[in-house]
Amino acid sequence: MNITIILSVLVDMFAFTDVLADELGGDPDAVIRQLYSHHAEALHGYVEQFCPDRASADDIVQETFIRAWRHLHQLSADDRPVRPWLLRVARNLLIDANRAARARPATVQEPAGEVGTDSGLEQILDRELVSAALHHLSPAHQTVLVETYYRGGTMAMVARELGIPHGTARSRLHYALDAMRKQLEENDVIAVS
């Protein structure tokens, strides 16, 4: 059964103008319709980049929203945005599908040298999650983290470039790393359950 058809019919039945965090505690079916209407297009765009066909992408998106429906109480328990959670669940489902596909025997003869190679899907998905978590940081924390880890700057260089004391740069880096770790761990715990 095609999830796009089912959920689009449900979405057409009710028109929602905006997704608000405090509305996540309402009727579960209405909340899922609302989440679908606001996030399905972006989720499809993300998932389709890694799926071999539209049907596979639809399956991943469908399972993502099923898990959202099962975990509505967790999603409504705090004020974190829902889209990163949905992307994390989709990422985990994509990884599982990729692993399952590699574990199945190939039905078509593959050229030698390509059998068993990693597609790099996990690395791409990890980069997407780190990027999303980075955007949750304050601009000051983002800058210190990017300058230190992505551009290879030392604490002294970063502090000098930003015109802040060395101790402030170290403190911002510490809190930025802590916030990123918590963001990634929270999304992982919810997405796995």
Side-chain angles (χ1 to χ4, degrees), residues 18-25 31 34-36 38-51 57 60-61 63-65 67-68 70-99 118-193:
D18 200 4
V19 175
L20 300 173
D22 57 346
E23 292 178 359
L24 285 176
V31 171
Q34 189 175 17
L35 288 175
Y36 184 84
H38 285 83
H39 300 288
E41 186 177 334
L43 194 59
H44 264 285
Y46 172 72
V47 168
E48 286 175 349
Q49 298 174 46
F50 308 106
C51 287
I60 298 291
V61 171
E63 182 60 27
T64 301
F65 281 101
R67 290 191 183 185
R70 287 180 186 156
H71 294 93
L72 278 178
H73 64 282
Q74 288 175 317
L75 292 172
S76 62
D78 58 21
D79 60 348
R80 286 183 294 152
V82 175
R83 186 169 288 179
W85 184 89
L86 292 171
L87 291 172
R88 178 64 180 214
V89 170
R91 173 194 177 274
N92 290 344
L93 292 170
L94 285 165
I95 289 170
D96 290 345
N98 188 33
R99 287 178 183 156
D118 189 357
S119 65
L121 176 64
E122 289 183 44
Q123 290 176 345
I124 293 169
L125 295 172
D126 285 340
R127 277 189 224 126
E128 289 288 325
L129 285 172
V130 169
S131 177
L134 187 62
H135 289 343
H136 283 86
L137 298 178
S138 69
H141 288 143
Q142 283 180 11
T143 303
V144 171
L145 193 65
V146 168
E147 292 297 324
T148 304
Y149 282 95
Y150 292 103
R151 296 197 177 132
T154 64
M155 274 288 101
M157 287 176 24
V158 171
R160 191 172 40 254
E161 285 179 22
L162 298 176
I164 58 176
H166 184 270
T168 301
R170 286 178 49 107
S171 176
R172 286 183 186 173
L173 180 62
H174 169 77
Y175 288 111
L177 289 172
D178 188 51
M180 290 254 324
R181 180 182 44 78
K182 286 178 183 175
Q183 177 72 25
L184 293 172
E185 284 175 355
E186 287 174 1
N187 285 337
D188 194 34
V189 167
I190 292 174
V192 171
S193 52

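Treat the numbers as computed from the prediction; the structure is a model and nothing was measured. Sequence positions, counted from 1, serve as the residue numbers for this chain.
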>> So, using salt bridge (charged side-chain N to carboxylate O under 4.0 Å, His left out) as the criterion, who are the partners of Glu128 when residues are at least two apart?
In response: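 Partners of Glu128 by the salt bridge (charged side-chain N to carboxylate O under 4.0 Å, His left out) criterion come out as none, since no residue qualifies.
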Rounded to the nearest 0.5 Å, what separation is found between the [atom1] atom of [X] and the [atom2] atom of [Y]?
X: Leu75; Y: Arg67; atom1: CG; atom2: CZ; answer: 13.0 Å
X: Phe65; Y: Arg70; atom1: CZ; atom2: CZ; answer: 14.5 Å
X: Arg88; Y: Gln183; atom1: CZ; atom2: CD; answer: 10.0 Å

Could you list the residues that satisfy side chain to side chain contact (heavy atoms under 4.5 Å, CB included) with [X], not counting sequence neighbours?
X: Ala97; value: Ile60
X: Ser171; value: Tyr175
X: Glu48; value: His44, Arg54, Ala57

> Which residue pairs pass the salt bridge (Lys or Arg N to Asp or Glu O under 4.0 Å) test when at least one of the two sits in residues 166-178, sequence neighbours left out?
Replying inline: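 Those involving residues 166-178 are Asp178-Arg181, Asp178-Lys182.
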Please list, one pair per line, the donor and acceptor atoms closer than 3.5 Å that link side chains of residues 131-150 to other protein atoms, with sequence neighbours excluded.
residue : atom : partner : partner atom : Å
His136  : ND1  : Ala132  : O            : 2.8
Ser138  : OG   : His141  : N            : 3.3
Ser138  : OG   : His141  : ND1          : 3.1
Gln142  : NE2  : Leu134  : O            : 3.0
Gln142  : NE2  : Leu137  : O            : 3.1
Thr143  : OG1  : Pro139  : O            : 2.8
Glu147  : OE2  : Arg151  : NH1          : 2.5
Thr148  : OG1  : Val144  : O            : 2.8

Return a table of donor-acceptor pairs under 3.5 angstrom between the side chains of residues 159-166 and protein atoms on other chains or two or more places apart.
none

>> Looking at every non-hydrogen atom in both residues, tell me the closest pair between Val47 and Ala90 and how far apart they are.
In response: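 Shortest heavy-atom separation between Val47 and Ala90 comes out as CG2-CB, 3.9 Å.
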>> I need the minimum non-hydrogen distance between Thr64 and Leu43, along with the two atoms involved.
In response: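 Looks like CG2-CD2, 3.6 Å.
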>> The criterion is side chain to side chain donor-acceptor pair (under 3.5 Å); which residues satisfy it with Asp96, sequence neighbours excluded?
In response: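 So Asp96 forms no side chain to side chain donor-acceptor pair (under 3.5 Å) with any residue.
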> Under a 4.5 Å cut-off applied to non-hydrogen side-chain atoms, are His38 and Val82 in contact?
Replying inline: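 When only atoms from C-beta onward are counted, Val82 and His38 do not touch, as no gap falls below 4.5 Å.
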> Tell me, do Leu72 and Leu35 make a side-chain contact under 4.5 Å, heavy atoms counted?
Replying inline: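 Yes, close enough: below the 4.5 Å cut-off.
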> Can you check side chain to side chain contact (heavy atoms under 4.5 Å, CB included) on Glu63 and Val89, steps first, answer last?
Replying inline: CA-CA 9 Å; Glu63 182 60 27; Val89 170; over 6 Å; no
